[in-house]
Amino acid sequence: MNLVLFGAPGAGKGTQSERLVRELGMVQISTGDLFRAAIKNKTALGVQAQSYMDKGQLVPDSIVIGMVDEVLANLNGKSFILDGFPRNVAQAEALGKILSQRNLTIGKAIFLEVRKEDLLSRLTGRRVCKSCGAVYHVQSKPAKISGVCDQCGGEVIQRNDDKEDVIATRLKTYEESTEPLRGYYRSSGQYAEVNGAQDAELVFQSVKSLLK
Ligand code: ADP
Ligand code: AMP
């Protein structure tokens with residue numbers, strides 16, 4: 001089954017996607033990761049995306065939608081998780097068209113619910129591996145050796161957009177643009193929600209139970 005995983009920044013989409021990839025062999029399509037890779041490789045796409053990301057704003061729909069379309073064209077039948085896309089109703093509508101053109105479907109759009117108070121500490125404490133993207137947290141999931149990735153030995157850093165001033169814009173953008181997707185997917189019949197405030201392992205069990 002193909003999934004959309006959505007929720008506020010810091011809700012745990014990347015953390016759950018990592019587990020779905022590891023345990024079920026699904027393919028993670030994280031638009032945020034794709035943009036960060038493009039920035040690292042200094043591509044034209046990266047240059048276009050960076051100014052929006054640094055400010056905590058959404059990258060324009062036309063850029064994101066084109067990028068996702070290209071990824072979906074090259075999946076070779078593997079089950080996928082859309083992590084961080086769609087992020088507004090216009091993107092969800094575009095996704096619907098792309099999927100039907102490619103004879104693909106989304107089984108469930110799973111909303112990870114976490115209170116705003118908890119999101120702030122998750123985002124300010126988040127650290128990520130610069131090389132493989134593994135996700136850590138200074139309190140709840142520290143790397144075994146500070147600053148070094150457990151999985152690949154890469155450098156573990158704080159994302160530029162995980163600084164407090166940018167976080168405020170990202171949370172506002174979420175409320176205005178992404179939260180309305182709950183209504184969109186409720187009316188499509190694909191909506192499911194999971195309590196994202198539980199321990200990550202329990203969240204994973206809940207997500208997995210929705211795949212049956
Ligand atoms: P998103 O991809 O939705 O922005 P992440 O998966 O990167 O969110 O998680 C944000 C931060 O919260 C990370 O530091 C991660 O380790 C931590 N985190 C994720 N899920 C949980 C959880 N269930 N309980 C506590 N901390 C969590
Ligand atoms: P994320 O890694 O999902 O937290 O995304 C980081 C940043 O990438 C966001 O704050 C946006 O600037 C940009 N981004 C990621 N996905 C999208 C999307 N679907 N639409 C627009 N911008 C996006």
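In listed order, ligands and their atoms are each counted from 1. Worth knowing before you read on, the calculation uses all heavy atoms, side chains too, and leaves out hydrogens, waters and symmetry mates.
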Original post:
Backbone, side chain, both or neither: what part of Val64 comes under 4.0 angstrom of ligand 2, heavy atoms only?
Top reply: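 Side chain only.
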Subject >> Within reach of ligand 2, part of Gln50 (heavy-atom separation under 4.0 Å) >> reply: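 Within the 4.0 Å criterion, Gln50 makes no contact with ligand 2.
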Judged by modelled atom types alone, do [X] and [Y] share a side-chain donor-acceptor pair under 3.5 Å?
X	Y	answer
Arg126	Tyr136	no
Tyr52	Gln50	no
Gln28	Ser30	no
Glu113	Asn195	no

Protein contact to [atom] [nearest heavy atom, distance to 0.1 Å]:
atom	value
atom 7 (O) of ligand 1	Arg126 NH1, 2.6 Å
atom 8 (O) of ligand 2	Met53 CE, 3.4 Å
atom 19 (C) of ligand 1	Thr15 OG1, 3.3 Å
atom 14 (O) of ligand 1	Tyr136 O, 2.7 Å
atom 12 (O) of ligand 2	Gln57 O, 2.6 Å
atom 13 (C) of ligand 1	Val135 CG1, 3.5 Å
atom 22 (N) of ligand 2	Val59 N, 3.0 Å
atom 8 (O) of ligand 1	Gly12 N, 3.2 Å

Original post:
Are there more than 12 heavy atoms of other residues, nucleotides or ligands under 6.0 Å from atom NZ of Lys208?
Top reply: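 Enclosed.
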Original post:
Is atom NZ of Lys108 surrounded by more than 12 heavy atoms (other residues, nucleotides or ligands) closer than 6.0 Å?
Top reply: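 For Lys108, atom NZ is crowded (more than 12 foreign heavy atoms under 6.0 Å).
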Subject >> Heavy-atom nearest option to atom 11 (C) of ligand 1, drawn from Glu201, Arg122, Glu18 >> reply: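 Residue with the shortest heavy-atom distance to the ligand atom: Arg122.
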Subject >> Heavy-atom proximity to atom 1 (P) of ligand 2, best of Arg170, Gln91, Arg87 >> reply: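 Checking each option, the heavy atom nearest atom 1 (P) of ligand 2 is found in Arg87.
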Within ligand 2, which atoms have a heavy atom of [X] less than 4.0 Å away?
X	answer
Thr31	15 (C), 16 (N), 17 (C), 19 (N)
Arg36	2 (O), 6 (C)
Phe85	19 (N)

Using a strict 4.0 Å threshold on nitrogen-to-oxygen distance, state whether [X] and [Y] make a salt bridge.
X	Y	result
Lys13	Asp83	no
Asp69	Arg102	yes
Lys172	Glu176	yes
Lys163	Asp54	no

**OP:** Looking only at distances, please establish whether an N/O atom of ligand 1 is found under 3.5 Å from an N/O atom of Ala11.
**Re:**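 Yes - when backbone and side-chain N and O of Ala11 are compared with those of ligand 1, one distance drops under 3.5 Å.
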**OP:** Give yes if a backbone or side-chain nitrogen or oxygen of Gly14 is under 3.5 Å from a nitrogen or oxygen of ligand 1, and no if not.
**Re:**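 Yes; the residue has a nitrogen or oxygen that sits under 3.5 Å from a nitrogen or oxygen of the ligand.
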**OP:** Check the angle between the aromatic planes of Phe111 and Tyr191 and answer parallel, tilted or perpendicular using the 30° and 60° thresholds.
**Re:**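 Ring orientation, 0 to 90° scale: parallel.
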Original post:
Is the closest heavy atom of Ser17 to ligand 1 under 4.0 Å?
Top reply: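 Checking ligand 1 against Ser17, which is what was asked, there is no heavy-atom contact under 4.0 Å.
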Original post:
Quick one: does Gly10 get within less than 4.0 Å of ligand 1, heavy atoms only?
Top reply: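 Within the 4.0 Å threshold, so yes.
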Quick check: does [X] get an N/O under 3.5 Å from an N/O on ligand 2?
X	value
Phe35	no
Arg126	no
Ser30	no

**OP:** Heavy-atom contacts with Ser140 under 4.0 Å: which atoms of ligand 1 show up? List them by number with element.
**Re:**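 Taking each heavy atom of Ser140 in turn, ligand 1 has 26 (N) under 4.0 Å.
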Original post:
With atoms numbered from 1 as shown, which atoms in ligand 1 lie under 4.0 angstrom from a non-hydrogen atom of Gly196?
Top reply: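 Going through ligand 1 atom by atom, the ones under 4.0 Å from Gly196 are 23 (N).
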**OP:** Identify the two heavy atoms, one from Ser177 and one from Leu58, that lie closest to each other, and give their separation to 0.1 Å.
**Re:**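 Shortest heavy-atom contact: CB-CD1, 4.1 Å.
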Original post:
Is Lys13 near ligand 2, meaning one of its heavy atoms is under 4.0 Å from it?
Top reply: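 Per 4.0 Å heavy-atom rule, Lys13 does not contact ligand 2.
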Original post:
Among the heavy atoms of Arg159, does any lie under 4.0 Å from an atom of ligand 2?
Top reply: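 Contact check Arg159 vs ligand 2: positive.
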Which segment of [X] sits under 4.0 Å of ligand 1 when only heavy atoms are counted:
X	answer
Gln198	backbone
Ala200	both
Asp199	backbone

Original post:
Quick one: which of Arg127, Arg170, Arg122 gives a side-chain hydrogen bond (donor to acceptor under 3.5 Å, both in side chains) with Asp162?
Top reply: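 Result: among Arg127, Arg170, Arg122, Arg170 is the only option passing the side-chain hydrogen bond (donor to acceptor under 3.5 Å, both in side chains) with Asp162.
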Original post:
Taking it one step at a time, do Arg87 and Asp61 satisfy salt bridge (Lys or Arg N to Asp or Glu O under 4.0 Å)?
Top reply: CA-CA 9 Å; Arg87 242 173 166 100; Asp61 290 346; over 6 Å; no
**OP:** Please report the C-alpha distance between Phe80 and Leu72 in whole Å, then the side-chain angles of each, then the deciding distance to 0.1 Å, and finally whether the side-chain contact (heavy atoms from CB on, under 4.5 Å) criterion is met.
**Re:** CA-CA 9 Å; Phe80 61 86; Leu72 290 176; 3.8 Å; yes
